[in-house]
A.B. asks: 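Have a look at this one before I ask anything.
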There are 2 protein chains.
Amino acid sequence: MARWEPDAEGRLRDAAMALFTERGYDATTVGDIAERAGVTARTFFRYFADKREVLFAGSDDLERLMVTGLTAAPASAGPMQAVAAGLCASGEMFAGRRDFARRRQAVVAASPVLRERELIKMATLATALSDALRDRGVAAEVASLAAETGVAVFRVAFERWVTDPGGPDLAEVVRTTLADLADLTPG
Amino acid sequence: MARWEPDAEGRLRDAAMALFTERGYDATTVGDIAERAGVTARTFFRYFADKREVLFAGSDDLERLMVTGLTAAPASAGPMQAVAAGLCASGEMFAGRRDFARRRQAVVAASPVLRERELIKMATLATALSDALRDRGVAAEVASLAAETGVAVFRVAFERWVTDPGGPDLAEVVRTTLADLADLTPG
DNA sequence: AGGGTGATGTCACACCATGACATCACTGGG
DNA sequence: CCCAGTGATGTCATGGTGTGACATCACCCT
C-alpha cells in the first residue's frame, strides 16, 4: 500500500468544486478543501499557486488548443478568419462537458475574485492569439485588435453555449456569434 | 487646529502610487502606505476595500461618463455608434492627464494582481454599457456583444493613446481604432 | 455646557501564502 | 539484503491581508 493516496491534485480540485458549490468561494477556506481531500493546507499550495487557481487547471490546454488551431489556418485566411479558426478549435476540449462547464461557470460567476482570475486568463489568451497572428506576418496593431475582439466574441459565445443545453456545439456557436458581429460593425 | 490632517484618502492614494513606483506593488505593505500617509493600516481599509482598490478610485466616474455619453447619443444612432459615443466621452476625464495615466499604467502592468483588478473594472464597464444599450431598446444579445467589443476597442485605443505622448486626444484615437475594426471584420 | 457625530486608533482574530526543515514510502545499486 | 537518494507530504513559524468590536476625542449643534 502506498504511503499516500494517489492523485492529490485531482482530489483537491474535486473537493474545491464541491465546497465552492455548497457554501460559496468566500465561505470555504483552503484548510477545508485540504481536509476534504485528505491532505494539509500546505500541500494545497504545492499544487496551486493560490486559492483561486484550483479552478483554472485547464486554461493552459485551452490556450494551446486555440493557438494551434489559429496557426493551422490556411495562409490565405485573413487575421479575423485565422482567429476564428483558433476559437473554434476550443470546441474539442469542451465536447461532452457542457454540464461541468455550466456548474463551474456558476461558481466563477458568483465570486468577484474568481471572475477576476477568469478575466486575466482570457487576457493571457488574447496575448497568445495576438502573438500567433504576428508570427503569420500580421501587423502588431491589427493582431492585438483582432485577438482582443476574438476573445470578446469567444466570451459571448461561451456564455450562449453554456446557457443553451440543447443547442449546437461550441464551434458552431462561435461561428454564429462572429457572423452577428460582422452584421453589427458596419452599422 | 484639526485633530487630523484633512484628506486622508488623497494622502493614501498618493502614498500608494509613490511606493508602488519605488518598490513595486508586492514589496509594499498596506502598513507602509498607511505610515507614509500618517494613518494606521485599519484606516486604509476604511477607505479602500482592499490593497488593490487604492489605484482604482476614478473608475466609477469613468463608467458614469461613458454611460452618460452613450445615453446622450441620438436615437437614430445604431448600437455600435452609441457605444462609440460613450467611449469617446471618456476623453474629457483624461484630458491633460496623459502623463499620470502613463505612470499609473506602468504600475498596473507590472503586477498581475493589479492587472486582474483592471480587467474586472473593464468588464463592469462592459456590463454598464450593455445595460444602457438595452435601455435604448437594443436586444440583449446584440447589446452585450456591442459592449464587449466596444470595451476591447477602448482598451486598445487607451494603450495607443498612452504610449504616444504627442498624439491626438483620446476621443480621436478611439474613433481611429473603431475605423480599424470596421476594416477588419468584413474580411 | 452637554450630548451627538464622525473620523480615527487600538486590539483581537481568522485566513492567506511561503520558507525551512523533518518524515518516510519507494527505488535502484552494491 | 541493505542503504543512500528521491520525492511527496507533514510540521512549524512567520508576515501580510482583511474585518469586527469598541474606545477616543475634536467638532458641531442646540
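A note on names: the letters A, B, ... follow the listed sequences, proteins ahead of strands, and every chain is numbered from 1. Not measured: the values here are computed from a predicted model. Computed from heavy atoms alone, side chains included, the values below leave out hydrogens, waters and symmetry copies.
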A.B. asks: Does the side chain of B:T43 get closer than 4.0 angstrom to OP1 or OP2 of C:dA7 through an N or O atom?
C.D. replies: no
A.B. asks: Can a side chain N or O of A:T40 be found less than 4.0 Å away from OP1 or OP2 on D:dT9?
C.D. replies: no
A.B. asks: Is it the case that the base of D:dG7 and the side chain of A:R3 share a donor-acceptor contact (distance under 3.5 Å, atom types as modelled)?
C.D. replies: no
A.B. asks: Please report the distance, rounded to the nearest Å, between CG in B:L12 and P in C:dG9.
C.D. replies: 10 Å
A.B. asks: Between atom CD in A:E53 and atom P in C:dT18, what is the gap in whole Å?
C.D. replies: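 Taking atom P of C:dT18 as the reference, CD of A:E53 is at 12 Å.
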A.B. asks: Please give, in whole Å, the distance from C:dA17 P to A:R42 CZ?
C.D. replies: 12 Å
A.B. asks: Using a 4.0 Å heavy-atom cut-off, does A:A49 contact any base of the nucleic acid, only the sugar-phosphate backbone, or nothing at all?
C.D. replies: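 Sugar-phosphate: the residue A:A49, judged by heavy atoms under 4.0 Å, touches backbone atoms but no base.
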A.B. asks: Could you tell me how far apart A:E5 (CD) and D:dA8 (P) are, to the nearest whole angstrom?
C.D. replies: 16 Å
A.B. asks: I need the CG-P distance between A:L19 and C:dC15, as an integer number of Å.
C.D. replies: 14 Å
A.B. asks: Could you tell me which non-hydrogen atom of A:T163 sits nearest to which non-hydrogen atom of A:R160, and how far apart they are?
C.D. replies: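 That closest heavy-atom pairing would be OG1-O, 3.2 Å.
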A.B. asks: Could you report the tightest heavy-atom contact between B:S90 and B:L87, atom names first, then the distance?
C.D. replies: OG-O, 2.6 Å
A.B. asks: Among D:dT17, C:dC16, D:dT9, which nucleotide has an atom closest to any side-chain atom of B:T29?
C.D. replies: D:dT17
A.B. asks: Find the distance A:D32:CG to C:dC15:P and express it as a whole number of Å.
C.D. replies: 8 Å
A.B. asks: With DNA chain C as reference, determine whether A:R46 or A:T28 sits nearer its 5' end, using the nearest nucleotide of each.
C.D. replies: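 Closer to the 5' end of DNA chain C: A:T28.
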A.B. asks: May I have the distance from B:D7 (atom CG) to C:dG6 (atom P), rounded to whole angstrom?
C.D. replies: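 Atom CG in B:D7 sits about 19 Å away from atom P in C:dG6.
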A.B. asks: Regarding B:D180 and B:T177, is there a side-chain donor-to-acceptor distance under 3.5 Å anywhere?
C.D. replies: no
A.B. asks: Hey, does A:A41 reach any base, or is it just sugar-phosphate, or nothing, if we go heavy atoms under 4.0 Å?
C.D. replies: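 Contact class for A:A41: none.
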A.B. asks: Provide, to the nearest angstrom, the distance between the NZ atom belonging to B:K51 and the C1' atom belonging to C:dC16.
C.D. replies: 13 Å
A.B. asks: Looking at B:F94 versus B:F100, is the centre-to-centre ring distance below 6.0 Å?
C.D. replies: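 Ring centroids of B:F94 and B:F100 are no less than 6.0 Å from each other.
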A.B. asks: Calculate, to the nearest 0.5 Å, the distance between atoms CE and CG belonging to B:M93 and B:L170 respectively.
C.D. replies: 11.0 Å
A.B. asks: Which part of the nucleic acid, if any, lies within reach of A:Y47 when heavy atoms closer than 4.0 Å are counted: base, sugar-phosphate only, or nothing?
C.D. replies: sugar-phosphate
